[in-house]
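Right, one structure below, let's go through it.
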Protein chains: 4
Amino acid sequence: MIRAAVVGATGYAGAELVRILAGHPEAVITALTSRQYADVAFDSIYPAMAGIITQKCETFDADSVCRRADVVFTALPHKLPMEIIPEIIEKGCRVVDLSADFRFRDPALYAAAYQSHESKQLLAESVYGLCEIFADDIAGARLVGNPGCYPTSVLLPLVPLVEAGLIDSGTIIADSKSGVSGAGRNPSVTSLYSEVSQSFKAYKVASHRHEPEMEEKLTLAGQKPVNITFVPHLVPMIRGMETTIYASLASGINEPDIRQCLEQYYQDRRFVRITKQGRPPDTRDVRGTNYCDIGFVVDDQNRRLILMSAIDNLVKGAAGQAVQNMNLMWGLSETTGLTAAPYPV
Amino acid sequence: MIRAAVVGATGYAGAELVRILAGHPEAVITALTSRQYADVAFDSIYPAMAGIITQKCETFDADSVCRRADVVFTALPHKLPMEIIPEIIEKGCRVVDLSADFRFRDPALYAAAYQSHESKQLLAESVYGLCEIFADDIAGARLVGNPGCYPTSVLLPLVPLVEAGLIDSGTIIADSKSGVSGAGRNPSVTSLYSEVSQSFKAYKVASHRHEPEMEEKLTLAGQKPVNITFVPHLVPMIRGMETTIYASLASGINEPDIRQCLEQYYQDRRFVRITKQGRPPDTRDVRGTNYCDIGFVVDDQNRRLILMSAIDNLVKGAAGQAVQNMNLMWGLSETTGLTAAPYPV
Amino acid sequence: MIRAAVVGATGYAGAELVRILAGHPEAVITALTSRQYADVAFDSIYPAMAGIITQKCETFDADSVCRRADVVFTALPHKLPMEIIPEIIEKGCRVVDLSADFRFRDPALYAAAYQSHESKQLLAESVYGLCEIFADDIAGARLVGNPGCYPTSVLLPLVPLVEAGLIDSGTIIADSKSGVSGAGRNPSVTSLYSEVSQSFKAYKVASHRHEPEMEEKLTLAGQKPVNITFVPHLVPMIRGMETTIYASLASGINEPDIRQCLEQYYQDRRFVRITKQGRPPDTRDVRGTNYCDIGFVVDDQNRRLILMSAIDNLVKGAAGQAVQNMNLMWGLSETTGLTAAPYPV
Amino acid sequence: MIRAAVVGATGYAGAELVRILAGHPEAVITALTSRQYADVAFDSIYPAMAGIITQKCETFDADSVCRRADVVFTALPHKLPMEIIPEIIEKGCRVVDLSADFRFRDPALYAAAYQSHESKQLLAESVYGLCEIFADDIAGARLVGNPGCYPTSVLLPLVPLVEAGLIDSGTIIADSKSGVSGAGRNPSVTSLYSEVSQSFKAYKVASHRHEPEMEEKLTLAGQKPVNITFVPHLVPMIRGMETTIYASLASGINEPDIRQCLEQYYQDRRFVRITKQGRPPDTRDVRGTNYCDIGFVVDDQNRRLILMSAIDNLVKGAAGQAVQNMNLMWGLSETTGLTAAPYPV
């Protein structure tokens, strides 16, 4: 059994990690840490877990946690992970970090979007944990930077097409829509039920910090600089993320080329499902699961491709992909512990 | 492996059965029937199940279904089950019926609430599938009448107390609140998003057909006629049912007596959780699970007990309890296939 | 024109006051105060009001506010109003207070539920602003204590029946359900969209501070001590409050007596609507309006009356009733400025 | 007083017309028709209207309706209006049609998207009722084709910029999101609460019938053929529509040019509000109102304009704009009867 610690276990991503690990046949939770809820039983904070996860949260202590863990999941606000991960690695644990701290190749990009990077050596070693794209690198990694939810929803449909040159990478627009859990469990007026329900709006228009993360990976895939326009929106639902992507088709490329490329790229990857006959993916169909559903339509008149993806922002966009990374790191089937069927409604 | 058929697989209860059976380690789905969607792949109707349940729905045919099944779950509107179940039983399958047709002991009560009963012999043989109360009878049953969602939420907290005489059974009031999925998947104006969202109201006040089902079982528990006042309400949420029950305490009975009675009655039953210190149970904490959470508060001034229960109407109130019944019928642990942890949000 | 000041204008009740007063033909808003948003334009906080209410919020200053106002609405947390209202009254303004500070007759009841009362003289003078019951007293009042939302939903259906002795006042149970806006605009985990959506639960079971407020008024109506059991619940919707009340019928009393009593009591009061044929009132039908819809059903078998009421907690339960009180204080028709039709959906 | 008839009064657009006309100071409702609910009181169908609109619905009869009406609003599915409007016009009433039947200039475009047009002469005469753009033509019209909800949300932000040549009209992409009420009141599985809640998806991708309506009007504005890519999405909320539009800036055009163009174009039009400093418009801020809020951001790196609009699909997208058209046709201020302030939450 893999001994797993969750650092920052009481935020939504952390709690989702706990849920998934609780049902993982090859892992056991050995430590849960929380600054805010130290010494409080996990099921007092999440009573849904009564009788399932009854252990207490503890204050993070590297010695204590690393002694009991093989893998440490860090589900903390950015900046904190790069302060504690070096010690965790040094003590011999492998790490999946859910923050932005170890997602970038280029420290300057990280610095521009967040702050100066304080652990550049580890950054150079870390692997970007987009499992379907970087599975081979992940297998050997000590430290994985788990992708952001928006980048996951944008990169999975785009990377194969950009790599293959089937679209004009200078024309990419990504219009994303996220459920409210993406804003986390910290209380703020803008996440209140009465403010969010019956409301739809864009936010951080062309200025979200996930955009450079996407652009770095698309640049890598296209082997030339790729800039995109990215606009996130807030949807009145708890979980789920839909992204509709627009791009001009490369010359001579048509609907069957797109289908073939995507189906071939993902033919052995169970968590990516290409929908039939252009059926738009629905966030409901992936709720609670690690799937990324991808659909597409070609707008012939305008020679434009319309790509759509749907994920659960807390699962494939965070905790589920983190566990998928663990599976890859330990040589398990990537689906281990992630096969629970979604709710019909 | 138990070979399981779901008759009426595309309604919400049926689809929830499919979800649960898909993850059951001791069962395999061998037939899915649907009048409306005969010959359509299940995952075309529920695209969430793409790649998980791809088999086609078929028209119900007793011969064909029974040849392939050990257990048949009937998830049909009442009246249809009592027409087809006799033949299914005769062909050697065991049946869990999710309708009202085999829930009553007294055919006259069924007749008053529904219509004349056409299979009284089987009715006499059938067992009421409230697992925590009638586990012993269920074990040997050929035919189980799976309880209604409202009766489940009312009986689990009440039966131990009525049996023990801790409350005055002439004073029971049950104020229930249900999510919208209880109304099923048939399109009707009253279940439209625009009608239900941002709305709360009572319906079928003191005239719901689940009330005689409760009263028959409470009468049995109390060994004297019990009539209750039952008022269901509709909550703008998909799943979940909360019931708040009011009853006068019997003379000399106080908070510790109630707690002791409930905790003792359910000490070995994993799916009933008594909340700590009167914490009101939340439907969110049982969503997607087979739990029934029970809390209570004593209103000393008025010598009244306030009991609260929370279940998922589609799981413990329908498909989950049906699978729990199958587990008991086959001598498995009652929790088999029903242990997935609930979502934190 | 009545010059109106709103003290505490940026909470939900305050903002709802602003909305209603903005369309009132006999009132004009002359001051909006806010501690948190002093010097910020109201439509920066509520962009819905862009181009409608553009004036700035200001820090409360009694001199400055009273010079410009005839009526002051105080929409503040309890305790603050009793500190500032004496001065406002002294400066010649009339006051409608939306907090609990001036709702009680008996200072000891207030002290038991809140804290020691610091303005007992004004409390003795103040009038309880339940408009349909105390209209005559309100007309001459300098200071009105606007009722709580729960008490409004409980008292309007009950007071006529308790006054007339048609029910046994020792058997009253009120099971209330409120939308989330009742928790206000202060950020807290328990009001987050992700926590509240798809969730239903009771809270403050038999211990809510609105209960003594109800009991004092019911005792007054019944001319003997009345204790009730009161359980509030939280509904995943923004606005609206439904209360289902249970009570034993007095000897010899039947459905027509109840109907006659209620219809007669409210025959001239436009904001109370008795529904036809026991149709359960729906919060949707009163959303955004000052109506209180009342329905009822007699449970003959148990000789119990089931009363149901629906209000908008922010309108009839707060700001709308406050404006109705102003109308009565100034001798206007009570419906002035409160006649906008509700949304069909 | 303008005597107004609503033909098709019980659908959501029709009922919203009733709500708005009920509060219109210069109009009186003289007839409500409904095939489905003939002879049923309007407030039996919409109990929210109890005591407000109590008249009965009637079967449509041109003679009877036209004798009592000056203006007839037709809120019917397309095809029906073009069958009955010729007679209504002939009998001397003026008409605002909320269907697609009289929105197109070119009958061939209508035929391609809907069916052959059976009233081409009236079509030639009819005026497109996008009030802020075609106010002068509307003033004298006998027949106004009220714009679709999506076209309203797309055209109001785009027309000024396309007319002025500030964007490259060959690059326009409109990503729209609509609340569920847009699907109407006819029961269908896809509009059920349990299907729509907690779900987000695209539909009719690049194939919605509102697209040719937009393109015809943009072609007119740009004086050259304009094709766009249009993708609608379904949001789990009752009302509201947000559209995010992407287009390349024309050479030399920057943020201040865009702001100046929009602010100047709409400087005298109260129902279009340009948000401050690029604040993304929120559907919540226009709920229940006739406003169209417009915001924009320039993505300098990609030389792209991001335009966002928010309307209430049932008001500015249907019934409110229909009443605004009536106001213009009768020479009233366009805001008459449309000034109720929006709810803060």
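What you see below is based on every heavy atom in this structure, not just the backbone, and it leaves out hydrogens, waters and symmetry mates. Lettering follows sequence order; numbering is per chain, from 1. Model, not experiment: these values are computed from the prediction.
Taking the charged nitrogens against the carboxylate oxygens, Glu216(C) and Arg103(C) have no contact shorter than 4.0 Å, which rules out a salt bridge. No salt bridge links Asp293(B) with Lys201(C); every basic N to acidic carboxylate O contact stays at or beyond 4.0 Å. Salt bridge annotation for Lys177(B)-Asp175(B): present, with a cationic side-chain nitrogen under 4.0 angstrom from a carboxylate oxygen.
Contacts between Asn302(B) and chain C at a heavy-atom distance below 4.5 Å involve the side chain alone, from C-beta outward. Residue contact with chain C, scored on non-hydrogen atoms closer than 4.5 Å, involves the backbone of Ile228(B) exclusively. Heavy atoms of Arg239(B) lying under 4.5 Å from chain C belong exclusively to its backbone.
Options Gly295(C), Gly170(C), Ser194(C) differ in how many heavy-atom pairs under 4.5 Å they form with chain B, and the most are formed by Ser194(C). With chain B as partner, the option from Val298(C), Asp285(C), Ile238(C) having the largest number of non-hydrogen pairs under 4.5 angstrom is Ile238(C). Across Pro280(C), Pro281(C), Ser207(C), Gly278(C), the residue that shares the most heavy-atom pairs under 4.5 angstrom with chain B is Pro280(C).
Contacts of residues 148-158 of chain C with chain B at a heavy-atom distance below 4.5 Å are absent; not one residue qualifies. Within residues 306-321 of chain C, the residues having any heavy atom less than 4.5 Å from a heavy atom of chain B are, in residue-number order, Ile306(C), Met308(C).
For Tyr343(B), the ring pair (Phe, Tyr, Trp, His ring centres under 6.0 Å) partners are Tyr343(A), not counting sequence neighbours. For Asn186(B), there are no side chain to side chain contact (heavy atoms under 4.5 Å, CB included) partners, not counting sequence neighbours.
A cation-pi arrangement is not found for Arg304(C) relative to Tyr246(C), the charged atom failing to lie both closer than 6.0 Å to the ring centre and inside a 45° cone about the ring normal.
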